[in-house]
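Input: a single structure, listed below in structure tokens.
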Number of protein chains: 2
Amino acid sequence: MNKRVTIKDIAKALDVSISTVSRALKDSPEISPKTRELIKKTAKDMKYHPNPIAVALKTSKSHTIGVIVPKIVNTFYAGVVEGIEEIADKHGYQVFVSSTNEDYQKEVKHVNAFINSRADGVILSLSRGTTVLDHIQHLQDLEIPTVLFDRTTKNLKIPRVVTDDAKAAYKAVMHLINGGAKNIAMLSGPKHLLIGRNRTRGYQEALEKAGLTFNPDLVIHSDFTIDNAQKATKSLLENEDVDAIFCLNDDLAVGAIYAAKELGLNVPEDVAVVGFYNSKRSHYMNPSISTVDLNPHELGVLAAGLLFEHITSGEVDNEKEIVVPSNLIIRESSKR
Amino acid sequence: MNKRVTIKDIAKALDVSISTVSRALKDSPEISPKTRELIKKTAKDMKYHPNPIAVALKTSKSHTIGVIVPKIVNTFYAGVVEGIEEIADKHGYQVFVSSTNEDYQKEVKHVNAFINSRADGVILSLSRGTTVLDHIQHLQDLEIPTVLFDRTTKNLKIPRVVTDDAKAAYKAVMHLINGGAKNIAMLSGPKHLLIGRNRTRGYQEALEKAGLTFNPDLVIHSDFTIDNAQKATKSLLENEDVDAIFCLNDDLAVGAIYAAKELGLNVPEDVAVVGFYNSKRSHYMNPSISTVDLNPHELGVLAAGLLFEHITSGEVDNEKEIVVPSNLIIRESSKR
DNA sequence: CTGAAAGCGCTAACAT
DNA sequence: ATGTTAGCGCTTTCAG
């Protein structure tokens with residue numbers, strides 16, 4: 001029952017050699033059309049399915065690519081994965097996804113797992129705690145095509161694809177300004193994260209463009225929990241005169257809204273809030289928050305495209321950085 | 001450069017046979033402690049990493065399990081995957097996830113991919129369009145341990161783990177009743193889905209328990225798009241006297257809320273809405289909707305547990321159905 | 001055009 | 001306690 005048919009079986013059935021079968025199955029021109037068709041037909045009849053493990057062992061090509069994300073429950077990453085799968089599918093590759101849960105140890109472990117399982121390529125977004133990059137270096141040393149996305153690093157020469165955070169932030173803040181906001185705070189994340197720095201840049205640029213002065217006191221940092229965002233926003237609102245808050249991400253925006261409510265303020269009438277969301281639904285759920293789309297699916301498509309370019313041509317441009325031409329959509333709903 | 005060290009290399013380096021190395025590496029008691037340690041040490045020094053592909057080819061065990069979900073961007077499924085990974089990790093297994101995007105063709109394809117790649121087990125939730133079950137049958141014929149979860153079927157003898165939809169629905173509706181609702185409608189999905197039938201049962205039971213009469217006209221069906229849910233709800237609210245709506249899932253709830261607003265009704269003051277949500281955030285986003293938690297993580301843990309039981313013991317109970325003891329939490333926020 | 005044979009890296013009888 | 005050998009299923013020279 002569990003016995004699978006192999007090329008050997010079909011060779012025996014047809015009384016030819018296994019190499020003939022092997023060749024016929026892959027359309028080798030060396031085989032006469034007649035026998036080739038015969039072999040293919042019987043292969044189908046016998047329900048032959050090639051054993052990819054044997055092929056992988058022989059060829060050192062597994063036809064799989066590994067994807068490592070910090071958190072698969074985050075719809076942003078899930079969207080990226082969908083984009084990757086779409087492209088991989090076209091190339092006849094399987095995608096294997098693993099999630100580190102923001103754990104550096106796990107990230108290293110998953111990288112090693114993909115190295116061991118002979119993945120033909122790896123697409124990865126760095127976990128929050130990742131500072132040592134030996135495992136990425138390891139991939140490069142082994143000449144395994146690799147592309148970083150979203151949470152990348154400048155400390156390594158490696159292809160990367162990122163969202164245009166500064167420009168997205170710029171647009172979001174400009175949106176608030178156009179709505180009439182004058183004192184715009186920014187609720188940011190942990191200081192060392194690149195994403196925060198990039199979006200802060202966009203925030204600053206928008207202010208400058210509008211002739212508003214940048215006040216460092218209005219940029220507050222929090223970790224990414226809703227509770228702490230709420231606390232941070234509360235003390236901000238108590239101490240500063242603020243009529244709008246630009247939030248680094250959706251959790252922070254939720255925290256900000258709760259803080260505003262806690263203080264008896266209305267959103268968006270008293271305080272406008274802008275956040276970055278990954279799915280339409282977030283907006284539907286609470287239309288008082290305007291949102292900016294980052295187009296994760298497109299990011300995945302581009303990252304996978306880059307990877308397969310490397311895999312198929314064998315050539316890499318380690319300096320390459322693709323900035324996702326995100327079709328940023330500001331979902332208007334606040335009065336500002 | 002790309003050359004990996006094999007047991008052969010270390011055998012040569014130590015001038016022993018490869019089988020000695022193989023045995024030593026897996027702590028075979030047949031090898032003298034002295035040589036065993038020596039071999040292990042040099043293996044480490046030479047940075048030896050076993051090639052799982054060769055092992056898989058030899059042993060027909062890949063130490064991987066495949067997970068197939070309808071939509072990885074859905075946080076419910078992402079949560080389930082997290083739970084599965086947690087358990088698989090403990091067993092030293094890799095988890096490979098693929099998403100069908102609710103496409104039956106893709107589901108079949110992914111199943112075949114896992115069969116081909118010799119996955120040691122498969123955990124899967126049926127896509128919406130799936131009615132033919134040959135591919136699942138195929139897994140069983142090949143004696144590949146399989147467990148179904150969430151969207152399962154009664155048409156096959158196979159272990160399954162499901163959420164207690166009826167009870168969850170019962171609680172949600174009871175919650176509305178306790179809040180004072182008298183005319184409770186149900187916004188359901190496509191008629192053929194089991195999930196709808198189960199939750200409808202809970203809905204009915206709650207009504208009966210409270211001495212309210214069940215009115216079939218108040219159960220409306222929609223597909224799962226927000227837009228159609230909104231339309232369906234609108235015509236419901238226009239034609240029937242309803243003071244609360246129990247929604248089959250979060251998208252439907254969103255549609256319902258929009259319909260209410262469209263008609264100038266307030267939620268929850270005029271119409272209370274209850275939905276099922278997968279993450280806390282949904283609730284945070286719009287506290288006017290009460291929610292019920294389905295605990296996807298626990299579902300994943302249980303499904304994986306069941307699978308590994310089968311994998312390790314080799315025995316299955318195809319009648320087994322685990323109902324996830326979801327810690328159902330009704331997040332109070334509406335006045336009712 | 002087709003076959004024989006070697007070997008990918010590893011495991012597991014079967015020797016010794 | 002260790003070595004020898006025969007594969008797992010497939011690809012790929014090298015010979016006809």
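Below, chain A is the first sequence line, B the second, and so on; all start at residue 1.
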Would one find a side-chain N or O of A/Ser17 under 4.0 angstrom from OP1 or OP2 of C/dA4? no
Taking CD1 from B/Ile18 and C1' from C/dG7, how many angstroms apart are they, rounded to a whole number? 12 Å
Looking at A/Asp89 and B/Lys109, is there a salt bridge between them, counting it only when a charged N and a carboxylate O are closer than 4.0 Å? yes
Provide, to the nearest angstrom, the distance between the NE2 atom belonging to A/His49 and the P atom belonging to D/dG9. 15 Å
Between the base of C/dA4 and the side chain of A/Ser19, is one N or O donor paired with an acceptor at under 3.5 angstrom? yes
Taken to the nearest whole Å, CZ/B/Arg36 to C1'/D/dT2 is 14 Å
Looking at the side chain of B/Ala54, which of C/dG3, D/dT11, C/dC10 is the nearest nucleotide? C/dC10
Please classify the nucleic acid contact of A/Ile53 as base, sugar-phosphate, or nothing, using heavy-atom distances under 4.0 Å. nothing
Report yes if the distance between the aromatic ring centroids of B/Phe96 and B/Phe114 is under 6.0 Å, otherwise no. no
Is there a donor N/O on one and an acceptor N/O on the other, under 3.5 Å, for the side chain of B/Lys58 and the base of C/dG9? no
Within the structure shown, what part of the strands sits under 4.0 Å from A/Ser60 by heavy-atom distance: base, sugar-phosphate, or nothing? nothing
Any side-chain to backbone donor/acceptor pair from B/Thr20 onto B/Ile18? Under 3.5 Å, distance only. no
Please tell me which of B/Tyr48 and B/Arg23 maps to the more 5' nucleotide of DNA chain C, matching each residue to the nucleotide holding its nearest heavy atom. B/Tyr48
Interatomic distance where NZ belongs to B/Lys61 and C1' belongs to D/dC8 [whole Å]: 15 Å
With heavy atoms under 4.0 Å as the rule, sort B/Ser32 into base, sugar-phosphate or nothing. sugar-phosphate
Would you tell me if any nitrogen or oxygen in the side chain of A/Ser22 comes within less than 4.0 Å of OP1 or OP2 on D/dC10? no
Inspect the contact between A/Glu102 and A/Arg151 and indicate whether a charged nitrogen and a carboxylate oxygen are less than 4.0 angstrom apart. yes
Taking CD1 from B/Ile7 and C1' from C/dC8, how many angstroms apart are they, rounded to a whole number? 12 Å
Of the candidates C/dG3, C/dC10, D/dC10, the side chain of B/Thr6 sits closest to C/dC10
When you compare the side chain of A/Val80 with that of A/Asp150, does any pair of heavy atoms fall below 4.5 Å? no
Starting at CZ of A/Arg118 and ending at C1' of C/dC10, how long is that distance when rounded to a whole Å? 12 Å
Expressed in angstrom and rounded to an integer, what is the separation of B/Asn51 atom CG from C/dT11 atom C1'? 13 Å
Taking for A/Leu57 and for A/Glu30 the nucleotide of DNA chain D with the nearest heavy atom, the one nearer the 5' end belongs to A/Leu57
I need the CG-P distance between A/Leu25 and D/dT11, as an integer number of Å. 8 Å
Can you tell me if A/Lys8 touches the phosphate of D/dC10, counting only side-chain N or O atoms and a distance under 4.0 Å to OP1 or OP2? no
